[in-house]
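Okay, structure first, notes after.
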Amino acid sequence: MENKRFSTSEKRKGIVTEPYIAPRTARVKVLEPENAYLLEKHSLTLRGRVKNPSIQKVWSLIPLFTENRSTETRPIGSNLGRGMFQFQFQNEEDLLVVLDKIPSHYAKWMIIVQRLELTMSPYFPSLIPFRIKVQGISVHL
């Protein structure tokens with residue numbers, strides 16, 4: 001069998017004189033999403049993170065919020081993964097009761113909780129609120 005070399009014209013190769021232009025496709029118009037319902041639904045949502053996920057298990061934390069808090073209705077809790085959790089409340093008063101008790105502790109470690117915002121940082125929490133009581137300083141300064 002003989003090795004035959006093909007010429008450029010036999011291979012149908014050559015310099016492109018006219019570049020290939022893809023046919024135009026119709027543009028698609030995307031409607032503006034109606035987020036009013038979702039914003040209303042998630043306005044009563046708290047999101048939190050455990051600070052030591054190797055000891056604090058989120059699945060065991062959910063009953064802490066649903067059963068041990070003095071709220072009128074039980075919030076719906078869910079595990080978001082990576083040590084994060086979320087609770088949805090039925091009314092504003094229950095949500096404020098839980099927010100008044102932060103920072104919380106569970107299994108001797110801190111739990112960070114904040115109200116859900118439209119854009120949450122992947123580094124949540126970036127701010128940890130603390131309440132302190134100062135003693136021994138004169139008020140008349």
| task | Spell out, as yes or no, whether a donor-acceptor pair under 3.5 Å connects the side chain of R115 to the backbone of R47. | result | no

| said: Please check this pair: side chain of N91 against backbone of D94, looking for a donor-acceptor N/O pair closer than 3.5 Å. | reply: yes

| request: Of all the heavy-atom pairs spanning F85 and R49, show the shortest one and how long it is. | output: CE2-N, 3.5 Å

| Smallest separation among heavy atoms of K4 and E10, with atom names | NZ-OE2, 4.0 Å

| field | Residue from Q88, Q90, E92 passing side chain to side chain contact (heavy atoms under 4.5 Å, CB included) with L44 | value | E92

| query | In this structure, which one of L46, T45, N79, I76 forms a side chain to side chain contact (heavy atoms under 4.5 Å, CB included) with Q86? | reply | T45

| How about E34: does its CD atom have over 12 heavy atoms from other parts shown lying under 6.0 Å from it? | no

| request: Working to the nearest 0.5 Å, report the span between CG of N35 and NE2 of H42. | output: 10.0 Å

